[in-house]
Amino acid sequence: LKKFQPVLPLYFGWFVNQSTKLEMELGFHKILKQITKIGSLKEELEKFCPSAGEGIDSLLHRYAVPEGPFHITAKYNGLKPDKSEDALEYADKDVVKKSLGQLFQISIIGYILTPSIIGARIRLNSRQKQLWAQDDTEGLDSLSNNKTEVNLALTTVSNKEYTCEVSGKGKCDTFKTSFRPTHGLGSRAHMTLGCGPDSQPVQTGLDLVDIIDCESKTSNNFHYMQIEGAKVRYYGKGRCAIYLEDFVKVNTIFSGFYV
Ligand code: A2P
């Protein structure tokens, strides 16, 4: 009897539908709008993302929305998946076969904004982690300079008074939230929402690894800026992390993307 080989996708992942995509865009536009109103942060971002200081429209103009549905890549197979043992092995796992076409509710815990990308940061639950097969620490070895950069960011931004026109608090406080994801299974999980000039979606994962590294090298006392519904930390070199106070739940379908 002839054994058929599975047709493998470019990647497996969790996909959102068009209306959720639009809702997500509205959600992060609301956050970005507030960020572009924080005086000292705006100045700093302008250095790394030219014209970001002119408001949300010019900031968004820098980032192209990736083609296709928003998704979280769970396993990237590459353009020749049929030649990859690794991809075949993944597709053959029981948990993968049982999950294809299933509904998963995922949690968006925040956003990251860097000169290269805008991404939503995801917290996977234990079932979702069983499907996760991306490299959570890719590029970590080359980030030894982060501590110096982050300290530098503190002196350039936190010594100035934060003026957030939306919250009106205008103060600089310490970061007290207990949720501090560290490098580990699924810590790189994200959705790419926008790509800056000459940047590819794959950069979002690498920039998230970089930001988690900054988090691990800073204390709880690292300064943050309060905006409506979220806290913002600036790690230097145009890198911002936004921590949502209430996670956003989004329905997704686990599937494959074929080219
Ligand atoms: P991400 O999941 O961060 O958005 P492309 O269209 O460039 O081929 O990529 C398809 C998807 O697979 C994108 O979502 C992308 O990033 C992810 N991806 C691309 N290249 C890689 C890679 N080398 N390693 C991991 N994920 C990748």
Side-chain angles (χ1 to χ4, degrees), residues 6-18 20-22 24-25 27-28 32 60 62-91 93 96 99-100 104 106-124 128-143 181 183-213 238-242 248 250-259:
V7 182
L8 294 174
L10 176 68
Y11 60 92
F12 289 99
W14 294 273
F15 295 80
V16 301
N17 66 20
Q18 184 63 14
T20 308
K21 179 177 180 177
L22 294 175
M24 283 187 61
E25 284 187 311
F28 83 83
L32 288 187
L60 285 173
R62 277 196 88 242
Y63 299 90
V65 177
E67 276 176 38
F70 281 166
H71 63 272
I72 305 154
T73 305
K75 164 84 179 125
Y76 184 72
N77 292 331
L79 284 168
K80 291 187 177 156
D82 300 336
K83 304 257 180 302
S84 157
E85 271 302 308
D86 200 38
L88 279 161
E89 224 172 81
Y90 179 88
K93 282 183 175 184
V96 173
S99 301
L100 285 169
F104 285 80
I106 55 110
S107 295
I108 299 176
I109 60 168
Y111 299 98
I112 60 169
L113 169 73
T114 74
S116 312
I117 53 84
I118 301 174
R121 189 170 179 180
I122 310 299
R123 185 169 73 172
L124 301 176
Q128 293 157 4
K129 280 183 186 167
Q130 292 177 354
L131 294 163
W132 177 255
Q134 291 286 78
D135 181 355
D136 287 295
T137 52
E138 191 179 355
L140 196 59
D141 295 346
S142 58
L143 298 175
H183 294 296
L185 189 72
S187 58
R188 179 187 173 163
H190 65 272
M191 269 191 225
T192 302
L193 308 179
C195 291
D198 305 320
S199 297
Q200 300 301 318
V202 67
Q203 193 58 41
T204 315
L206 303 172
D207 283 6
L208 181 53
V209 171
D210 177 30
I211 281 187
I212 298 171
D213 189 57
R239 299 169 297 183
C240 285
I242 297 123
V248 177
V250 175
N251 283 336
T252 65
I253 300 287
F254 184 75
S255 186
F257 185 87
Y258 293 85
V259 281

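Numbering of residues begins at 1 and proceeds along the displayed sequence. Fair warning: this is a prediction, and the values are worked out from it, not measured in the lab. Order of listing sets the numbers, starting from 1, for every ligand and every atom in it.
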**Request:** Under the side chain to side chain contact (heavy atoms under 4.5 Å, CB included) rule, what do V209 and I212 come out as? Steps first, then yes or no, please.
**Result:** CA-CA 5 Å; V209 171; I212 298 171; 5.9 Å; no

**Prompt:** Parallel, tilted or perpendicular for F254 and F12, by the 30°/60° rule?
**Reply:** parallel

**Message:** List the protein residues in contact with ligand 1, where contact means a heavy-atom separation under 4.0 angstrom.
**Reply:** L10, Y11, H71, T73, Y76, Q134, H190, T192, P201, V202

**Message:** Let's go through T114 and I211 carefully: what are the C-alpha distance in whole Å and the side-chain angles of both, what is the deciding distance for side chain to side chain contact (heavy atoms under 4.5 Å, CB included) to 0.1 Å, and is it a yes or a no?
**Reply:** CA-CA 9 Å; T114 74; I211 281 187; 4.2 Å; yes

**Message:** For residues 198-208, which residue pairs pass the salt bridge (Lys or Arg N to Asp or Glu O under 4.0 Å) check, not counting sequence neighbours?
**Reply:** none

**side chain to side chain contact (heavy atoms under 4.5 Å, CB included) assessment of L140 paired with D213** = CA-CA 8 Å; L140 196 59; D213 189 57; 3.8 Å; yes

**Asked** Going through the checks in order, is the side chain to side chain contact (heavy atoms under 4.5 Å, CB included) test met by F104 and L131?
**Response** CA-CA 11 Å; F104 285 80; L131 294 163; 3.7 Å; yes

